[in-house]
Number of protein chains: 2
Amino acid sequence: MPDFVSDKHLFHNPVEFAMSKIGGMYKMPILWRLKDKTWRYSELAHNIPHISDRMLSKSLKELLNDGFISKEIFPEVPLRTEYTITERGNKAVTIITALRNYGFELMNDFGIKEK
Amino acid sequence: MPDFVSDKHLFHNPVEFAMSKIGGMYKMPILWRLKDKTWRYSELAHNIPHISDRMLSKSLKELLNDGFISKEIFPEVPLRTEYTITERGNKAVTIITALRNYGFELMNDFGIKEK
DNA sequence: CAGTATCCTCCTAGATACTG
DNA sequence: CAGTATCTAGGAGGATACTG
C-alpha cells in the first residue's frame with residue numbers, strides 16, 4: 001500500500017483515509033443519529049453530549065462537502081434547516097455499526113459496564 | 001449512551017473507546033502485520049512506512065499493556081524480540097479488515113486510484 | 001434559529017540524540 | 001538490535017463572543 005495524496009493531504013493506508021472522512025469526535029455521532037430520520041440543527045445540538053456550535057457546524061459542513069449528508073433550508077421564521085443522510089452516509093453507517101459493536105465488546109472485555 | 005471513565009480518561013461512546021485502544025497512526029498497521037505471523041522489532045521498523053523508533057516502541061508497549069499482542073525476548077547476541085498477536089488482537093483484526101475494506105471502497109468512491 | 005469568527009489549549013506525532 | 005529521553009510543531013477541539 002503506497003502513500004497517496006487526496007485534497008492536499010498525505011495518506012498512508014485506506015483506514016487513514018476513511019478516518020479522515022468520518023473520524024474525529026463528532027462525525028460518527030452525527031451520522032449515527034441521521035441514520036433513520038432527518039434531524040434539524042438544534043436537535044443535534046441538544047442531543048449530542050458536549051458538542052459546541054463550532055464543532056457541530058464544522059462537522060456538518062465537512063460531512064456535507066464530502067457527500068455523507070444533505071441539507072435542506074426552510075426559509076421560515078424562525079429559520080429551520082434539516083439534515084438527511086445520503087447513500088454514501090448510509091454506507092458509512094454500516095462500518096460505524098460494526099465499530100460500535102466492536103467497541104461494546106471491547107468495553108465488556110475490559111470490564112467496563114454500561115448502564 | 002452515557003459518558004464513562006476508563007484509565008482516568010473520559011469517553012462518550014463505544015467507538016471512542018475502541019479508537020483509544022487501536023486508533024492512532026500506527027496501531028492498526030502493526031496489528032495488520034502481526035495478523036498471520038510473528039514479527040521482530042526491526043522487521044516492523046523497516047516495513048511500516050515512516051514509523052520512527054519512538055512511535056514503534058510506544059505503540060508496541062501500549063498494544064502489549066492492553067493485551068492485543070504478546071512479546072518474547074530471546075537473550076541472544078545481538079538481542080532478538082518477537083511480537084505475536086493475541087486472541088484479543090485477532091478480534092481487532094476483524095474490525096480492522098472491515099475498516100480497511102471500507103476505506104478502499106471510499107477511495108474508489110472518491111476517485112482515488114491505488115497502484 | 002442556525003450558524004461564524006477569534007483566540008487558546010492540549011495532545012499526537014516528528015526530530016534528534018542517546019543506551020543496555 | 002531494541003529500544004528510551006527530550007524537545008518541538010501542528011492540528012483537533014474548547015471557550016467565548018457575535019450575526020443574518
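Sequence lines set the chain letters: A, B, ... in the order given, protein chains first and strands last, and positions in each chain run from 1.
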query = How far apart are the closest heavy atoms of I22(B) and A92(B), and which atoms are they?
reply = CG2-CB, 4.2 Å
key: Residues from residues 60-74 of chain B lying under 4.0 Å of DNA chain D - heavy atoms   = K61(B), K71(B)
task = Would you confirm whether E43(A), through its side chain, and R40(A), through its main-chain N or O, come within 3.5 Å as a donor-acceptor pair?
result = yes
request  = Check for a donor-acceptor pair, side chain of T86(B) on one end and backbone N or O of F68(B) on the other, with a separation under 3.5 Å.
outcome  = yes
ask   = Taking the side chain as C-beta and beyond, is there a heavy-atom pair between M25(B) and E16(A) under 4.5 Å?
value = yes
key: Between CG on residue L79(A) and OG1 on residue T81(A), distance to nearest 0.5 Å   = 6.5 Å
key: Pairwise distance CG(L31(B)) to CD1(I85(B)) - rounded to 0.5 angstrom   = 5.0 Å
remark   = Protein heavy-atom contacts under 4.0 Å, written 5' to 3' over nucleotides 6-16 of chain D as B (base), S (sugar-phosphate only) or - (none), form the string B------BBB-
note = On DNA chain C, more 5' by nearest nucleotide between H12(A) and L79(A) is L79(A)
inquiry  = If we check side-chain contact (heavy atoms from CB on, under 4.5 Å) with V15(B), which of these qualifies: L99(A), N101(A), T97(A)?
reply    = L99(A)
key: From CZ (R88(B)) to OG (S70(B)), nearest 0.5 Å   = 12.5 Å
Strand-adjacent residues in residues 29-45 of chain B, judged by heavy atoms under 4.0 Å from DNA chain D = R40(B), Y41(B), S42(B)
task = Identify the two heavy atoms, one from Y26(B) and one from P49(B), that lie closest to each other, and give their separation to 0.1 Å.
result = CE2-O, 4.1 Å
query = Using a heavy-atom cut-off of 4.0 Å to chain A, what are the terminal contacting nucleotides of DNA chain C, in 5' to 3' order?
reply = dC1(C) to dT6(C)
remark   = All heavy atoms of G103(B) vs all of F17(A), minimum pair found to be O-CD2, 4.2 Å
note = The ring pair (Phe, Tyr, Trp, His ring centres under 6.0 Å) partners of Y41(A) (sequence neighbours excluded) come to none
request  = For L34(B) and I69(B), work out which heavy atoms get closest and say how close.
outcome  = CD1-CG2, 3.5 Å
key: Atom pair CG (N47(A)) and CD1 (I30(A)), whose distance is rounded to the nearest 0.5 Å   = 11.0 Å
ask   = When you measure from the centre of the six-membered ring of Y83(A), is the NZ or CZ of R33(A) under 6.0 Å away and within 45° of the axis?
value = no
ask   = Given the rule that a pair is Watson-Crick or G-U wobble with both distances under 3.5 Å, how would you write DNA chain C in dot-bracket, using | for pairs to a different strand?
value = ||||||||||||||||||||
request  = Determine whether the side chains of N13(A) and R100(B) contain a donor N or O and an acceptor N or O closer than 3.5 Å.
outcome  = no
